[in-house]
Chemist: 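Dropping a structure here in structure tokens format, bear with me for questions.
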Protein chains: 2
Amino acid sequence: MSNRLPPLTALRAFDAAARHMSFAQAAAELNVTPAALSFQIKSLEEHLGAPLFRRLNRAVELTEAGTALSRGAAEGFQTLATAWRAAQRTQDTQTLTVTAGPAFTAKWLAPRLYEFAQSHPEIELRFAASLQRMDLMRDNVDVAIRFSSSVTPELYVLPLAEEWVMPVMTPALAAQYPTIESLTHAPIIFDDSVRFLKAPIAWSDWFAALGVSYNPTSGPRFSQADHALDAALAGVGIVMGRRALVVKDLAEGRLVAPFPTALATGARFSFLCLKGMENRPQIATFRDWILTEIEKTAHITDNLTILDLAAS
Amino acid sequence: MSNRLPPLTALRAFDAAARHMSFAQAAAELNVTPAALSFQIKSLEEHLGAPLFRRLNRAVELTEAGTALSRGAAEGFQTLATAWRAAQRTQDTQTLTVTAGPAFTAKWLAPRLYEFAQSHPEIELRFAASLQRMDLMRDNVDVAIRFSSSVTPELYVLPLAEEWVMPVMTPALAAQYPTIESLTHAPIIFDDSVRFLKAPIAWSDWFAALGVSYNPTSGPRFSQADHALDAALAGVGIVMGRRALVVKDLAEGRLVAPFPTALATGARFSFLCLKGMENRPQIATFRDWILTEIEKTAHITDNLTILDLAAS
DNA sequence: TATTCAGTTAAGTACAGCTTAACTGAGGCG
DNA sequence: CGCCTCAGTTAAGCTGTACTTAACTGAATA
């Protein structure tokens, strides 16, 4: 019983047969005749020294050995196919597939997409639905923007700007509540997405930092940061806005932050890609573009006091 | 750019070359000449339309495409090799590889091993070091005994006896503390492994069940149940013993449970194997043997009151 | 300058893996 | 009941993939 792999073509034939549970269909998939497939399976069974299929009247079924083999065979070939596609993808300098959370996609990427398309018409950006579990490898995604910093040896990780939070509102609302004391009567929008931070930041923390003892508890709650911001943009109330998600609205005057005190979160968005891929043209271009875009709104910080509660 | 897989022999050659970072070593591994390997790689590069290796003076290094391909290729072939070994294993009716936690191995399996070897000399039992993450597939393990009941469609799960806990001690210690009141002065051993239960059971729960208000807090603590039991067997004190781990010691008189009130935990050990494998001779034999062994000590429950705190 | 070492190239060969074609044996159907 | 169909097997022969040996390249070492 050798420890080496059996002939791979035979294994692939078996995989197809096991997936279809039919030699004829498997033969069709592999573009060979049923006869060829029959031989492949037979040769594999000889290698193993035991049958893999039980031949029935008009069907086949897996033996125990076949069952055991089929699981890993399917997975193995799947992995190989994905890897091959990943290699092909490196040859394609035109498309770039990016994944990000819904909030970052809606409030950072989407508003800047037009700018990117203008400056880099040669690159076709694609978005992959945001997955909690990010599979840069498995899902053929080139770049992920993630709000966490899990470090793995497989990944190239570039931390983007530090994330802080600060109350933001429409200019109209700001006019209604000009002082910090009056703000305690303003309608509050709760963004529950900050709960994922290691040290969640509460409204009372911010008021306390400005010397006001106030702990608001009632008001609309949103589990997604972008929904909370949309509500704030509609003038519903004031919201604790995360830097990355509000800078553009602040820069363009749709939102204002009349009290220029922000709280550091200790967290940041990071740019992730597989190690060794960070210098592929599209990826490097996209990374540089992100950094430039962040730089464009860096002046927001100029008049800002950023307090780090954890440090003090 | 075809979506189908490239020639598999070429892929395997590439995998070997990428793992060794040397064509010569890869050729040696595959028992072919370097010339053959060189051709294989070349053909793969032609399929891809781009080089996979950068040929340097005395070495080779992966290109970006090569890097992308090598990750999945290694994993894919690894998976295939494991699957093939799993298939080979089904042909072997002599050996059976079992994994279990340290406590179950030490206090249930080990003391009964001799009996198993006697009744089933045709089966060679092997033990795999207990892994938290159990990989019946990946690690070529046939059977796992686990103290949890995560249900996955891939697994055959057979719950074994319900687990309850009850104070146990040496007969000598029991003589010293004959009444429940006197027991409040006895040395207590804490088994922290019960913390993994959904509803952890504390000493105070048990005393309360017997109408005594007492919440011991000081005494030696063990993170592994078998170590706590070893201490109790040495006469160090009384310990909250889990059924599976103490029945044999109780049946043979090394430990006693003078107060026949046990608390249900709602948990149990389960017998796990890959679906479709449960009827392989060794696995079925081992399963039936476990059930018989449990039956042998079932009479322990006869004079026992088992309280379910969660139900009441 | 010669040697060695890693990889490439060339030419030839053998067998793995394919095809076509005929066979088996169980259902389904008129 | 006999005929057809369908899924898989077997046989015979062909093709080209994947191997071999042997000679070549070109940089590093001595």
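Values reported hereafter were calculated over all heavy atoms of this structure, with side chains retained and with hydrogens, waters and symmetry mates removed. Per chain, numbering begins at 1; letters A, B, ... match sequence-line order.
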Chemist: What orientation do Phe286(A) and Phe271(A) show, parallel under 30°, tilted 30 to 60°, or perpendicular over 60°?
Modeler: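 Correct class here is tilted.
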
Chemist: Quick one: is dT9(C) close enough that its OP1 or OP2 comes under 4.0 Å of any side-chain N or O from Lys42(B)?
Modeler: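 True: Lys42(B) side-chain N/O within range (under 4.0 Å) of dT9(C) OP1/OP2.
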
Chemist: Regarding Ser22(A), tell me which of base, sugar-phosphate or nothing describes its non-hydrogen contacts under 4.0 Å with the strands shown.
Modeler: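 It contacts sugar-phosphate atoms only.
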
Chemist: So, Glu115(A) and Trp289(A): side-chain donor and acceptor under 3.5 Å apart, yes or no?
Modeler: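 Short answer, yes.
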
Chemist: Calculate the interatomic distance between Leu11(B) atom CG and dT17(D) atom P; express it in whole Å.
Modeler: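 Nearest whole value for this atom pair: 16 Å.
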
Chemist: Phe53(A) CZ to dG8(D) C1': how many Å, rounded?
Modeler: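 Going from CZ in Phe53(A) over to C1' in dG8(D) covers 12 Å.
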
Chemist: Compare side-chain N and O positions of Ser38(B) against OP1 and OP2 of dT8(C) and report whether any pair is under 4.0 Å apart.
Modeler: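 For Ser38(B), the contact criterion (side-chain N or O under 4.0 Å from OP1 or OP2 of dT8(C)) is met.
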
Chemist: Side chains of Met277(A) and Thr90(A): does their closest heavy-atom pair fall under 4.5 Å?
Modeler: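 In short, these two side chains touch, coming nearer than 4.5 Å.
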
Chemist: Whole Å only: how far is the NE2 atom of His20(A) from the P atom of dG8(D)?
Modeler: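 Going from His20(A) (NE2) to dG8(D) (P), I get 12 Å.
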
Chemist: Nearest-Å distance, CG (Leu30(A)) to C1' (dT19(C))?
Modeler: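 Distance check: Leu30(A) CG to dT19(C) C1' gives 15 Å.
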
Chemist: So, OP1 or OP2 of dT9(D): does either fall under 4.0 Å of a side-chain N or O from Arg55(A)?
Modeler: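 So the side-chain polar atoms of Arg55(A) do come within 4.0 Å of the phosphate oxygens OP1 or OP2 of dT9(D), strictly under.
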
Chemist: Strictly under 6.0 Å, is that where the ring centroids of Phe104(B) and Phe269(B) end up?
Modeler: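 Close enough - the centres of the two rings lie under 6.0 Å apart.
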
Chemist: How many Å lie between CD1 on Ile41(A) and P on dA7(D), as a whole number?
Modeler: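 Computing the Ile41(A):CD1 to dA7(D):P distance gives 16 Å.
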
Chemist: Is the phosphate of dT20(D) approached by Thr33(B) (side-chain N or O, under 4.0 Å from OP1 or OP2)?
Modeler: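 Yes.
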
Chemist: Mind calculating the distance between CD (Gln25(B)) and C1' (dG7(C)) to the nearest angstrom?
Modeler: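 From Gln25(B) CD to dG7(C) C1': 14 Å.
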
Chemist: Hey, can you tell me if Phe53(B) and Phe14(B) have their rings parallel, tilted or perpendicular (30° and 60° cut-offs)?
Modeler: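 Geometry flag for Phe14(B) against Phe53(B): tilted rings.
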
Chemist: dA18(D) phosphate, OP1 or OP2: any side-chain N/O from Thr9(B) under 4.0 angstrom?
Modeler: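 Result: yes.
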
Chemist: Is there a side-chain polar atom (N or O) of Gln40(B) under 4.0 Å from OP1 or OP2 of dC19(D)?
Modeler: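 Yes, Gln40(B) has a side-chain N/O under 4.0 Å of OP1/OP2 on dC19(D).
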
Chemist: Just to be sure I understand the rule, does Ala36(B) reach a base, reach only the sugar-phosphate, or reach nothing, if contact means heavy atoms closer than 4.0 Å?
Modeler: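 Base contact - Ala36(B) has a heavy atom under 4.0 Å of at least one base atom.
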
Chemist: Tell me: CG of Asn31(A) to P of dT19(C), nearest whole Å?
Modeler: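 After rounding, the gap between these two atoms is 9 Å.
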
Chemist: Looking at dA18(D), dT20(C), dT20(D), which one has an atom nearest to any side-chain atom of Ala35(A)?
Modeler: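 Taking heavy atoms from C-beta onward, the closest nucleotide is dT20(C).
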
Chemist: Give the rounded distance in Å between these two atoms: CZ of Phe23(A) and P of dT24(C).
Modeler: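 One finds 20 Å between P of dT24(C) and CZ of Phe23(A), rounded.
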
